[in-house]
Amino acid sequence: MEGLSRRQFLTGAALATAGGALALGGCAPSGGTSGASAGGSLPEGAGVATVGTGMGKHGTIQVEVVTKDGAIERIDVLESRESLGLGDVCFEKLGKLIVDNQTLNVDVVTGASLSSMAYLTAVAEALDQAGEKSSEWKKRDKAIEQPAEDIAEAYDVIVVGTGGAGFTAAISAANKGKSVLLMEKLGVFGGSTALSGGEMAVPGNWIQTNSGVADTPEQLAKDMLEGGDNRGDPELVNVIANGVYDAAQWLTYEGGVSWEHNLLFFGGHSVKRSIIPTGHIGNAMTTKLTTRAQSIDNITLVDNTKATALVTGSDGSISGVKAENTVTGDEYSFSCKAVVLASGGFGANVEMRAEANPDYGEQFNSTDSVGAQGDGLTMASAIGADLVDMELIQTYPICDVDNGALLYLDDLRLDERTVMFNKEGKRFVEELDRRDVLSSAILAQTDERAYEIWDQAAADETKVVDIHSDEFENLASRKLCVKADTLEEACEPFGIDAAALTETIEQWNSYVDAGADPDFNYRGTMHKIDTPPYYIMAYKPAVHYTMGGLRINPSAEVLDTAGAPIPGLFAAGEVAGHKMGTNRLGSTSMADIYTFGRIAGDNAAAYVG
């Protein structure tokens, strides 16, 4: 296939999807095309290239499977919009297992289940096209991913979790010359950070400076404390507010992260201050951090490895971590001098949520990574760590009504370009209010859901629909986002009162002319909605963040129930509580994880000496 251009390659694929197969003369990986057959005899020794499709999280996945003499020679992904660092990783893992073991009896990659299932569906379809029976391939001996054989048993520092906080802590400790084991229990790296929008509240950032926006760390701290009803610890909040600018610089120059050239205005903030990674998604950060961590000799990065217990010495100090391989069941006992817990919150653990606060149990979906099970809280509390604010759980207001996934088209709201309304066609809340205020207001509406409307001018100027075209297509296919030439047409699939919405939009446009919103005191820049076609999107809240967790001090040391540091134990990110109070303002999680990730890594290295 090396002699085929991309266009020719897809032409062959089109033949296969039409029910035929592309015959390859000689060895399939290097031979050229020698003709296509939809059922006739093939040249002796020819390989067959067939194509199958599956529906992933972000749209259609298309693969080509090359078979010869009843065996799979290789699998190539022809089309995919699955997230980098997630979908592409699971494709590589599954493809290797399938080809090396000649079986379809393989498990999905944890953390990328939808992408995995779509890939396996596509491969099975391609095998059927080639005259193989995929159902029989699924009955063959099971193949499982084997752990690395050369994992050392002793390290200076062990970091648990590979979200933004974990990568930052590991790289920081390694840069101090310490040997680091960075472990992830899922089959992919990135945690909830990779699934987030990646936006980061940074006062005094370069875009604000160039735009003439005045801001200070003191103002961010004030906003965060007030946004959490003053339940957060001012000391911890001030650490974040005063450290996030340097953390952003660290991400840029140490992590290799690049940024968009505009800001978002998150609800509850007093000014527009949130910078955005290129691509508007958190995996733009975690893929770069993965590459950086893999380039550092004294970091050992492992997946499918779940920490199960913290080990302490006779004096109560950290001496190791027990772990197990989540695929093979192999058990490990790692020794170390310090541990950084960066294992995230417990938003995906329905039982733990319900125990902490029954109002957030099984009635809610979650935006979080499946790995957000509260493992770090369980392990640390077992050795005496104090837990704080566990009942404080946040929902994100703008989520998929079916599965709870975070909706990135909501960036249009943060770009100050949408109006929020209910099924009756009426506004009911200020669009840039706090997340908890929006969520409570939405849940009080008909069907516990709400809608956003924007026009083509907003879509053209922000490019958000283009950037997240996969999400738009997915929602449109389920009639959860509609594009139409008139308001009436856009309202019809949802049963929205079109006459009332028309009146609401006319009133909004008059407020834009007047320069003020007397109904809800909209705090951003108002824009008219008057350029068809119009877009309407439905949504409802899902659990997004757990404000409670381990009690830490400004040095990221984990405290016991008596308020004393547990020697050698540090925590960063969502696993550490008492920073956000009753409600976390949008984009402050990234500020937190990268600020405290650096502190935890540096101080763990200093503790080791």
Side-chain angles (χ1 to χ4, degrees), residues 227 264-270 272 395-401 407-459 461-462 464-465 475 479-484 486-542 583 585-586:
L264 291 182
F265 201 149
F266 276 86
H269 290 266
S270 58
K272 201 170 185 176
T395 58
Y396 192 84
I398 319 297
C399 300
D400 192 303
V401 300
L407 295 179
Y408 297 112
L409 289 174
D410 183 50
D411 283 352
L412 280 147
R413 177 178 62 89
L414 306 178
D415 272 321
E416 307 161 84
R417 297 306 298 258
T418 72
V419 168
M420 185 181 291
F421 61 96
N422 57 23
K423 193 170 185 178
E424 291 70 37
K426 302 290 187 181
R427 285 180 74 211
F428 57 91
V429 71
E430 190 229 336
E431 289 78 358
L432 293 177
D433 212 325
R434 289 169 22 171
R435 290 174 173 180
D436 57 338
V437 173
L438 294 180
S439 292
S440 296
I442 293 167
L443 293 173
Q445 307 308 308
T446 301
D447 301 327
E448 295 187 331
R449 66 177 64 182
Y451 308 86
E452 283 183 24
I453 183 171
W454 64 90
D455 65 4
Q456 191 60 43
E461 291 169 24
T462 66
V464 169
V465 177
L475 293 172
K479 296 192 182 329
L480 294 176
C481 190
V482 172
K483 177 182 180 181
T486 67
L487 289 178
E488 291 77 9
E489 290 177 282
C491 288
E492 193 275 331
F494 302 108
I496 293 167
D497 187 330
L501 180 60
T502 299
E503 183 178 335
T504 295
I505 296 305
E506 289 175 351
Q507 187 177 58
W508 170 265
N509 289 340
S510 73
Y511 292 166
V512 176
D513 287 333
D517 168 23
D519 294 334
F520 298 102
N521 296 314
Y522 187 81
R523 73 191 69 191
T525 301
M526 301 169 67
H527 295 85
K528 286 187 176 182
I529 297 177
D530 60 3
T531 308
Y534 301 100
Y535 299 74
I536 292 180
M537 180 175 71
Y539 49 84
K540 67 184 298 183
N583 168 72
L585 297 187

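These numbers come from the heavy atoms of this one structure, side chains and all, not from hydrogens, waters or symmetry mates.
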S.K.: Can you pull the ring-ring contact (aromatic ring centres under 6.0 Å, His included) pairs that have at least one residue in residues 417-436, sequence neighbours excluded?
M.R.: Phe421-Tyr451

S.K.: Does Phe265 reach the side chain of Arg523, with side-chain heavy atoms less than 4.5 Å apart?
M.R.: yes

S.K.: Mind checking whether Asp411 and Thr462 have side chains closer than 4.5 Å, heavy atoms only?
M.R.: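 The answer is no; the side chains never approach within 4.5 Å.
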
S.K.: Are Asp519 and Tyr511 packed together at the side-chain level, in the sense that at least one heavy-atom pair is separated by less than 4.5 angstrom?
M.R.: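 A side-chain contact under 4.5 Å exists here.
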
S.K.: If you take all heavy atoms of Tyr522 and Met526, which pair is closest and at what distance?
M.R.: CD2-CG, 3.5 Å

S.K.: Taking the side chain as everything from C-beta on, heavy atoms only, tell me whether Thr395 gets closer than 4.5 Å to Arg435.
M.R.: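 A side-chain contact is absent here, since even the closest heavy-atom pair is not under 4.5 Å.
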
S.K.: Applying side-chain contact (heavy atoms from CB on, under 4.5 Å), can you list everything that pairs with Phe520, at least two apart in sequence or on another chain?
M.R.: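 Testing Phe520 for side-chain contact (heavy atoms from CB on, under 4.5 Å), a comparison that skips the adjacent residues, returns Arg427, Glu430, Asp517.
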
S.K.: Looking only at non-hydrogen atoms, find the nearest pair between Gly267 and Leu585 and report the distance.
M.R.: O-CD2, 3.7 Å

S.K.: Identify the two heavy atoms, one from Ile529 and one from Asp455, that lie closest to each other, and give their separation to 0.1 Å.
M.R.: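 Scanning both residues, the minimum pair turns out to be CA-OD2, 3.4 Å.
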
S.K.: Answer yes or no: is there a side-chain heavy-atom contact under 4.5 Å between Ile453 and Thr418?
M.R.: no

S.K.: Is there a side chain to side chain contact (heavy atoms under 4.5 Å, CB included) between Glu492 and Val482? Walk through the geometry before answering.
M.R.: CA-CA 9 Å; Glu492 193 275 331; Val482 172; over 6 Å; no

S.K.: For Gly227 and Asn583, which heavy atoms make the closest approach, and how far apart are they?
M.R.: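 Nearest heavy atoms, Gly227 then Asn583: O-ND2, 3.1 Å.
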
S.K.: Does the pair Asp410 and Tyr396 meet the rule for a side-chain hydrogen bond (donor to acceptor under 3.5 Å, both in side chains), with working shown?
M.R.: CA-CA 11 Å; Asp410 183 50; Tyr396 192 84; 2.8 Å; yes

S.K.: Any idea which heavy atoms bring Ala459 and Val465 closest together, and the distance?
M.R.: CB-CG2, 4.1 Å

S.K.: Looking at CD1 of Ile398 and CG of Leu438, how far apart are the two atoms once the value is rounded to the nearest 0.5 Å?
M.R.: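 It comes to 6.5 Å.
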
S.K.: Checking the side chain of His269 only, and the main-chain atoms of Leu432 only, is there a donor and an acceptor separated by less than 3.5 Å?
M.R.: no

S.K.: When rounded to the nearest 0.5 angstrom, what is the spacing between CG in Leu407 and CG in Leu412?
M.R.: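 Atom-to-atom, Leu407:CG and Leu412:CG are 11.5 Å apart.
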
S.K.: Give a yes or no answer on whether the side chain of Ser439 reaches the backbone of Asp436 with a donor-acceptor pair at less than 3.5 Å.
M.R.: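 Answer holds: no.
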
S.K.: For the CD atom on Glu488, are there more than 12 heavy atoms of other groups (residues, nucleotides or ligands in this structure) within a distance under 6.0 Å?
M.R.: yes

S.K.: Using salt bridge (charged side-chain N to carboxylate O under 4.0 Å, His left out) as the criterion, point out the one residue from Glu461, Glu431, Glu452 that pairs with Arg417.
M.R.: Glu461

S.K.: Within this structure, what is the CD-OH distance for the pair Gln456 and Tyr535, rounded to the nearest 0.5 Å?
M.R.: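 Those atoms lie 3.5 Å apart.
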
S.K.: Mind checking the CD1-CG spacing from Ile536 to Leu480? Nearest 0.5 Å is all I need.
M.R.: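 Spacing of CD1 (Ile536) from CG (Leu480) equals 12.5 Å.
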
S.K.: Check the pair Met537 / Trp454 against side chain to side chain contact (heavy atoms under 4.5 Å, CB included), numbers first and verdict last.
M.R.: CA-CA 9 Å; Met537 180 175 71; Trp454 64 90; 4.0 Å; yes

S.K.: Is there a side-chain contact between Met420 and Asp433, using heavy atoms and a 4.5 Å cut-off?
M.R.: no

S.K.: Do Asp513 and Lys528 come close enough that some side-chain heavy atom pair is under 4.5 Å?
M.R.: yes

S.K.: Indicate yes or no: at least one non-hydrogen side-chain atom of Leu414 is less than 4.5 angstrom from one of Phe266.
M.R.: yes

S.K.: The criterion is salt bridge (charged side-chain N to carboxylate O under 4.0 Å, His left out); which residues satisfy it with Asp530, sequence neighbours excluded?
M.R.: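 In terms of salt bridge (charged side-chain N to carboxylate O under 4.0 Å, His left out), with neighbours along the sequence ignored, Asp530 is linked to no residue.
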
S.K.: At their closest point, which heavy atom of Cys491 faces which heavy atom of Leu501, and how far apart are they?
M.R.: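 Here Cys491 and Leu501 meet closest at SG-CD2, 3.5 Å.
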
S.K.: Looking at Arg449 and Asp447, is any side-chain nitrogen of the basic one under 4.0 Å from a carboxylate oxygen of the acidic one?
M.R.: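 No, no charged N to carboxylate O under 4.0 Å.
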
S.K.: The test is salt bridge (charged side-chain N to carboxylate O under 4.0 Å, His left out); show your working for Lys426 and Asp497 and say whether it passes.
M.R.: CA-CA 9 Å; Lys426 302 290 187 181; Asp497 187 330; over 6 Å; no

S.K.: Within this structure, what is the CD-NE2 distance for the pair Glu416 and His527, rounded to the nearest 0.5 Å?
M.R.: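 If we round to the nearest 0.5 Å, Glu416:CD and His527:NE2 are 7.0 Å apart.
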
